[in-house]
Each structure stands twice: as structure tokens, then as C-alpha cells.
Amino acid sequence: MPNSVIPIPLNIFNTKETLERYLQQTRASGKTVGFVPTMGALHQGHISLIQQAKQNYDEIACSIFVNPSQFNDPKDLEKYPRTLNADIKLLEQVKCDVLFNPPVNEIYDDNEQWHLNIGELEHLLEGKFRPGHYQGVTQVVYKLFKIVKPDAAFFGQKDYQQFLIISKMVELLNIPVKLVMCPIKREADGLAMSSRNIHLTADDRQHALVLSKTLNWVKNNFDRNDIPRLKKEAEHMISNEAGVELDYFEIADGDMLKPAEKNTKNIVALVAAKVGTTRLIDNVLLVHG
């Protein structure tokens with residue numbers, strides 16, 4: 001067909017063996033591999049990770065796997081959005097090379113045990129509200145890294161604590177992979193993109209904007225000498241929003257997630273709240289580098 005663009009086929013693999021064989025050939029031909037692990041229900045935030053990966057790496061692999069071991073609540077696992085056909089279309093549009101979409105029994109054997117001593121980081125903020133969550137995250141990411149053996153892996157800043165935890169795992173287990181944290185993608189009104197946004201009602205969606213508005217307010221008014229007051233004001237702003245139940249708002253050390261002090265080098269503000277029945281997280285870098 002004249003003037004038609006020949007689409008690059010998306011290579012879809014459901015088993016470790018077929019994916020490993022394909023990537024072995026890829027590496028043998030001298031190509032580098034960038035990796036974007038996801039749980040599907042893809043949105044422009046995920047797509048931005050793939051686009052960033054494409055800038056520096058030859059072959060881009062994305063995984064879609066709703067990992068049961070990182071859910072504390074079986075109902076949460078059950079209602080996690082699964083939109084595989086739409087996800088495949090998005091991956092094709094962005095010219096992703098590889099999709100790994102395994103069933104659970106391809107990743108886990110029965111009664112598998114896993115525990116990684118991540119230290120205090122595991123039990124702060126998200127860890128406090130979702131005990132065991134980060135053991136599940138490290139378990140599956142370790143497995144995916146072993147299968148894909150990427151040169152670099154790309155994660156979103158929205159899951160800031162997760163990025164710190166995975167960095168710690170890579171360091172502890174000496175995994176030869178470069179980790180890249182990519183900026184948060186937001187809707188036009190400021191709401192951080194999330195697969196869970198699909199569950200928000202129209203009212204919830206409006207109330208949810210208090211999270212990004214509060215983070216921006218803290219960023220615009222940030223003063224190292226006034227951290228306790230800023231935190232208190234932020235908590236007040238969010239708690240006063242109808243339909244929003246605050247889990248935490250923390251102005252933290254960007255490396256350890258302990259409460260920040262005025263001489264802390266990297267500082268990040270992080271929030272988690274339930275909006276209607278949907279739990280959302282967001283953050284903003286206040287002082288970086």
C-alpha cells in the first residue's frame with residue numbers, strides 16, 4: 001500500500017522460556033534491553049516510561065502481571081483493573097517491542113517463600129498501611145529481572161517509596177541493572193495518572209484534586225525552617241475535603257523517608273488518602289540533589 005506505515009509487530013510472550021530465548025538472541029545481536037514492569041491497565045504514565053526507555057535502549061520489553069503477592073486485601077486484587085486488549089493497542093502505538101504477559105503459575109510455584117531484609121524503609125508510610133506489600137513487590141521484581149536481564153529498568157516517581165525499595169534490593173542482591181525514575185505524568189487538572197483512577201466517580205475525581213493542589217501549595221511555600229507547620233497545614237487542607245480520608249501526609253528525607261529536618265539534603269512530600277472507595281498516592285520533590 002502506498003504511503004502506508006508498516007507497524008512494528010509487538011512480540012507477545014506468555015512463558016519465561018520463550019521470552020528468555022528471544023531476549024538471548026536480541027542480546028547476541030548486540031542490542032541493549034530496557035524494561036518497564038507494569039500491572040497493566042496502562043495509561044500515559046506507563047507510556048511515558050516506554051518512551052523514555054526508547055531514547056537510550058534498543059529493545060524495549062514491558063511486562064503486564066497483576067502480582068498477587070503484593071496485595072494485602074484479596075478484594076483489592078480482585079478489583080484491580082485488567083484491560084489487556086486496550087493495553088496491547090497502546091503498546092503497539094508506542095512501538096514497544098516485547099510484551100511479557102505470564103499467568104500466575106508461570107511466575108510462582110506453590111508455597112514459595114520469600115523474605116528480603118530491606119530494613120526500616122519497608123515499614124514506613126506505605127509499608128505501615130500495607131504490611132507485607134513490599135515483600136511482594138521485591139519478590140516479583142527480582143523474578144522479572146532474572147527472566148528479562150535488562151540493562152535498565154524504568155519506574156514512575158508516583159511510586160516513590162517503591163523505587164527506593166527496589167533500589168535497596170538491587171544493592172543487596174547485587175543485580176546488574178540500572179534503575180531509572182521517571183517524572184509523574186498528570187492529567188490536565190493535576191491529578192496524578194493511576195490505573196486506579198478508573199474507579200473514581202465524577203465527584204471523587206473532583207475531590208481527589210486536593211492531593212496535587214496541597215502538594216503544590218507545600219512546594220510553593222516550602223521553607224526548611226517551617227516543616228512542622230507546612231505538614232500540619234497540608235494535613236488540615238486534605239482532611240477538610242469532603243469524601244477524602246487521609247492516611248498520611250509526610251515531608252520526608254528523600255533517601256530514607258524519615259521525617260525531614262531543616263538540614264536534610266533531599267526532601268520529598270508524600271501523601272496517601274482514600275477518595276471515595278479508592279486509595280490514591282502522590283508526591284512532589286521539594287529539594288533534590
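The chain is numbered in sequence order, starting from 1.
Between D247 and R130 there is no salt bridge, since no side-chain N of the basic residue sits under 4.0 Å from a carboxylate O of the acidic one. A salt bridge links K258 with E120; the closest basic N to acidic carboxylate O contact falls under 4.0 Å. Note on K143 versus E112: salt bridge recorded, some NZ/NE/NH1/NH2 to OD/OE distance being below 4.0 Å.
Checked by atom type, the side-chain pair N11/Y22 shows a donor-acceptor distance below 3.5 Å. For the residue pair N67 and Y108, a side-chain donor N or O sits within less than 3.5 Å of a side-chain acceptor on the partner. No side-chain donor from either of H207 and D203 sits under 3.5 Å from a side-chain acceptor of the other.
The number of heavy atoms from other shown groups lying within 6.0 Å of NE2 (H236) does not exceed 12. Within 6.0 Å of CE on M237 lie more than 12 heavy atoms contributed by other residues, nucleotides or ligands.
In this structure, H133 contributes its side chain and Q70 its backbone to a donor-acceptor pair below 3.5 Å. Here the side chain of K185 pairs no donor or acceptor atom with the backbone of H46 at under 3.5 angstrom.
Remark: S167 pairs with no residue by the side chain to side chain donor-acceptor pair (under 3.5 Å) rule, at least two apart or across chains.
Side-chain contact between P176 and K149 is absent, with no heavy atoms from C-beta onward closer than 4.5 Å. Between E187 and R205 the shortest side-chain heavy-atom distance falls below 4.5 Å. Taking the side chain as every heavy atom from C-beta outward, F129 and R279 approach each other to under 4.5 Å.
No option in T18, N14, I107 other than I107 meets the side chain to side chain contact (heavy atoms under 4.5 Å, CB included) test with F100. Just one of T32, V94, D97 meets the side chain to side chain contact (heavy atoms under 4.5 Å, CB included) condition when paired with I60; it is D97.
Cluster annotation: I88 and L90 are assigned to the same hydrophobic cluster (Ile/Leu/Val/Met/Phe/Trp/Tyr, side-chain heavy-atom contacts under 4.5 Å, transitive). Under the 4.5 Å side-chain heavy-atom criterion for ILVMFWY residues, a single connected hydrophobic cluster contains both V287 and V218.
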Go through the steps to decide whether K79 and D73 satisfy the test salt bridge (Lys or Arg N to Asp or Glu O under 4.0 Å), and finish with yes or no. CA-CA 10 Å; K79 77 170 198 175; D73 180 353; over 6 Å; no
